[in-house]
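Below, chain A is the first sequence line, B the second, and so on; all start at residue 1. In this text the structure is predicted, and so the values were computed from the model without any measurement.
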Amino acid sequence: MSKKHLDKIVSLCKRKGFVFPNSEIYGGLKASYDYGPLGVDLKRAISEKWWKVMTHNSNIVGLDSSIMVHPDVWEASGHVANFNDPMTDNKDNKKRYRIDDLLLQQKNKVIDALCEMISIENNNDNNTIDKISSTLLNDANKYNDALESAGVVDPFSGNVGKWTQATQFNLMFKTNAGPSEKTGKSIYLRPETAQGIYINYLLVQNSMRLKVPFGIAQIGKAFRNEIIARNFIFRTREFEQMEMQYFVHPSEDESSMNFWKKQRMDFYSSELGISNKNLKFHQHSKDALAHYAKDAFDIEYNFPFGWGEVEGIHNRTDFDLKEHEKLSGKNMMYFDAIKNEKYHPYIIETSTGLNRLFLMVLCEAYHEDTENNRIVLKLPFDLAPNKIVVCPLLKKDGLPDKAKEIFDIVSSDHKCIYDEQGSIGKRYYRQDEAGTPFGITIDHETLDNNTVTIRERDSMEQHRISLDKILEFVSKNK
RNA sequence: GCGAGUGUAGCUCAGCUGGUAGAGCACAACCUUGCCAAGGUUGGGGUCGCGCGUUCGAAUCGCGUCACUCGCUCCA
């Protein structure tokens, strides 16, 4: 599938009511999209599949925690410290660097010069580096040209760079709780839903009388100030996560990791109809691991723009629980009454982006049927926004009345749509493009003997069946 | 954030070196049509992303801005 396909999918999404650009009448807002009537149904169908697969398992329960939480949560999680990296650009070649990364690659005399400039001692350690970068940031105006005058070399060009002053990139959205800017408290919109699970995990465990291993599942919005937001709905600043955090005994972490890797990969093929050839695992290398992770796998999908992550399966160890215990001073240990043992469970995280799954499902379903000159969205029946289109063959002779009657009956079991506009072929094609799996057509014969033709979207085959066999046919052929 | 490109009707686009907008599809109404788009008639819809400037006059030129695409960069 080529990049051109993405353009076509974007256009189809807008035409058919799946996804609209947000705030379009005001010129748009970067990387912000709205889900239209068909889109919201598709998105909901995907999340319902996930919810069912997760929480119908007896030892996984649901949670809906708040988007806004106590700011200390993000101190404890490491998000405040780890995602506020001071950056600088080299104006000569437009390269951008994290200042700490850059300094690590400098000769000692350069670091010495910087230390002297900001009057600290050079201990030749990471602490010194951190101190330099935070000072450059905090007094950005004063140390405007510090990097350049200290002779900091651009590793790419090998020359001293023309460095801009240190700039902070805040990955978290900061806002104010309380009606007054002055008295209110600065808080963050959550950058991941996981922390809401961790801070509640003992309450959940107690109230549901759960024993390790158990899981907590949550679907909700998260917010990140991505530096680049691109590829349609693939990376947006506001997005919806579906996370399941699985709490295990520390000795069980690796087996649990393997279990969930398989479970999650299977989900895509068996529940969402994604072809295996378009899916793969990607293991994070040890030095690319997040600050909390011991091991991490992504599930990637072959998007029109290349392989992209749709889910992360991470071994987060006991890092988060221990950090929360440290900062809050509250016990975060699980008590195993049978073994009479107290410990911090390890957490295996499965974290997926609903919006990405949505895009993946659309990319997978999109087909150009050149033989019949039509576009078909081959969505699985369960995911299709509309299941059946009901059409009178002609807009006369009482056929519309009969069709509406049938529409009412079938609608009680399946989401249906009624269409009498245009030629019958045109109406079929319209629905093919929206992914509607079946079409029922009412003709004069229907008036005589209560039979209709039912047409299948993918094969375009038609069958004559009696009215009372519609549901049976649909459930057999979906 | 930097660089390049793009921005005209719901969608895809045309509009030459400036003279105040078009097509196809889509949509709506009516006719036609007895099962797989593109038949007929009629109609709705655009201050040409937005702002400022140059000009007698700008969709067309310049600057700024917003958005999208691509490349760097970043990515829990």
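Nucleotide G71(B) forms a Watson-Crick or G-U wobble pair with C2(B), both donor-acceptor distances falling under 3.5 Å. Across all strands shown, G7(B) forms a Watson-Crick or G-U wobble pair with C66(B), both key distances being under 3.5 Å. Base pairing of A23(B) is made with U12(B), judged by Watson-Crick or G-U wobble geometry with both donor-acceptor distances under 3.5 Å. Using Watson-Crick or G-U wobble geometry with both donor-acceptor distances under 3.5 Å, G34(B) finds no partner in any strand shown. A59(B) is unpaired under the criterion used here, namely a Watson-Crick or G-U wobble arrangement in which both key atom distances are under 3.5 Å. In this structure C48(B) sits in no base pair that meets the Watson-Crick or G-U test at under 3.5 Å. The partner of A28(B) is U42(B), judged by Watson-Crick or G-U wobble contacts that both fall below 3.5 Å. Nucleotide U17(B) forms a pair with no other nucleotide shown, judged by Watson-Crick or G-U wobble geometry with both contacts under 3.5 Å.
Atom C1' of G46(B) sits at a distance of 15 Å from the matching atom of C50(B), rounded to the whole Å. Between the P atoms of A59(B) and A9(B), the separation comes to 14 Å (whole Å). Remark: the separation of the C1' atoms in C27(B) and A38(B) is 15 Å, to the nearest Å. For the C1' atoms, the distance from G43(B) to C2(B) is 49 Å, rounded to whole Å. On the C1' atoms, U17(B) is 11 Å away from C61(B), given to the nearest whole Å. Using P as the reference atom, A14(B) and G49(B) are 13 Å apart when rounded to the nearest Å. C63(B) sits 27 Å from C72(B) when the P atoms are compared, rounded to a whole Å. A distance of about 10 Å separates the C1' atoms of C48(B) and G15(B), rounded to the whole Å.
Rounding to whole angstrom units, CG of residue Asp7(A) and C1' of C70(B) are separated by 11 Å. Between His79(A) atom NE2 and C75(B) atom P the separation is 14 Å, expressed in whole Å. Put simply, CD on Glu461(A) is 13 Å from C1' on C36(B), counting in whole angstrom units. Atom CG of Asn225(A) is separated from atom C1' of C75(B) by 13 Å (rounded to the nearest Å). Whole-Å rounding puts the Tyr429(A) OH to C35(B) C1' distance at 12 Å. Rounded to an integer number of Å, the gap from Lys8(A) NZ to C13(B) P is 10 Å. As rounded to whole Å, 15 Å separates atom P of C36(B) from atom CD of Glu371(A). If you take CD of Glu24(A) and C1' of G46(B), they are 13 Å apart, rounded to a whole angstrom.
Side chain of Ser11(A), nearest nucleotide from C70(B), C36(B), U12(B): U12(B). Of all nucleotides listed (A67(B), C30(B), C35(B)), A67(B) comes nearest to the side chain of Lys30(A). The side chain of Asp443(A) sits closest to C35(B) out of C35(B), C36(B), U33(B). Of the candidate nucleotides G34(B), C68(B), C36(B), G34(B) has the atom nearest to the side chain of Leu394(A).
Side-chain N/O atoms of Arg455(A) and base N/O atoms of C36(B) include a donor-acceptor pair closer than 3.5 Å. Under 3.5 Å, the side chain of Tyr26(A) and the base of C50(B) form no donor-acceptor pair of N or O atoms. The base of C75(B) is paired with the side chain of Arg235(A) by a donor and an acceptor separated by under 3.5 Å. Not a single donor-acceptor contact under 3.5 angstrom links the side-chain atoms of Asp432(A) to the base of C36(B).
If you check the side chains of Asn225(A) and Lys174(A), you find no donor sitting under 3.5 Å from an acceptor.
Residue Lys395(A) is the one, among Lys395(A) and Ile442(A), whose nearest nucleotide of RNA chain B lies closer to the 5' end (criterion: closest heavy atom). Comparing Gly28(A) and Thr441(A), the nucleotide of RNA chain B nearest to each residue sits closer to the 5' end for Thr441(A).
Residue Leu393(A) is classed as a base contact, given a heavy-atom separation below 4.0 Å to a base. Among the atoms of the strands shown, none is found under 4.0 Å from any heavy atom of Phe234(A). Counting any heavy atom pair closer than 4.0 Å across all strands shown, Pro191(A) reaches a base atom. Residue contacts for Asn231(A): at a heavy-atom cut-off of 4.0 Å it reaches the sugar-phosphate backbone alone, with no base atom in range. Note on Gln421(A): only backbone sugar-phosphate atoms sit closer than 4.0 angstrom, heavy atoms only; bases stay farther off. Across all strands, Ala222(A) comes closer than 4.0 Å to no nucleic acid atom at all (heavy-atom distances).
Atom NZ of Lys415(A) has more than 12 heavy atoms from other residues, nucleotides or ligands within 6.0 Å.
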>> For a side-chain contact (heavy atoms from CB on, under 4.5 Å) check, start with the C-alpha distance between Thr451(A) and Lys469(A), then their side-chain angles and the critical distance, and finish with the verdict.
In response: CA-CA 9 Å; Thr451(A) 61; Lys469(A) 291 277 193 282; over 6 Å; no
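With ring centers used as reference points, Phe232(A) lies 6.0 Å or more from Phe234(A). Ring centers of His414(A) and Phe381(A): under 6.0 Å apart, within the cut-off.
A close approach under 4.0 Å does occur between a side-chain nitrogen or oxygen of Lys426(A) and OP1 or OP2 of A26(B). Look at Lys14(A) and you won't find any side-chain N or O under 4.0 angstrom from OP1 or OP2 of G10(B). OP1 or OP2 of C27(B) has at least one side-chain nitrogen or oxygen of Arg430(A) nearer than 4.0 Å.
Asp432(A) has a carboxylate O that lies under 4.0 Å from a charged side-chain N of Arg455(A), or vice versa, which qualifies the two as a salt bridge. A salt bridge does not link Lys322(A) with Glu325(A): none of the charged nitrogens is closer than 4.0 Å to a carboxylate oxygen. Using a 4.0 Å cut-off between charged nitrogen and carboxylate oxygen, Arg464(A) and Asp443(A) count as a salt-bridge pair.
Paired with Arg316(A) under the rule side chain to side chain donor-acceptor pair (under 3.5 Å), one option of Tyr246(A), Tyr346(A), Tyr198(A) passes, and it is Tyr198(A).
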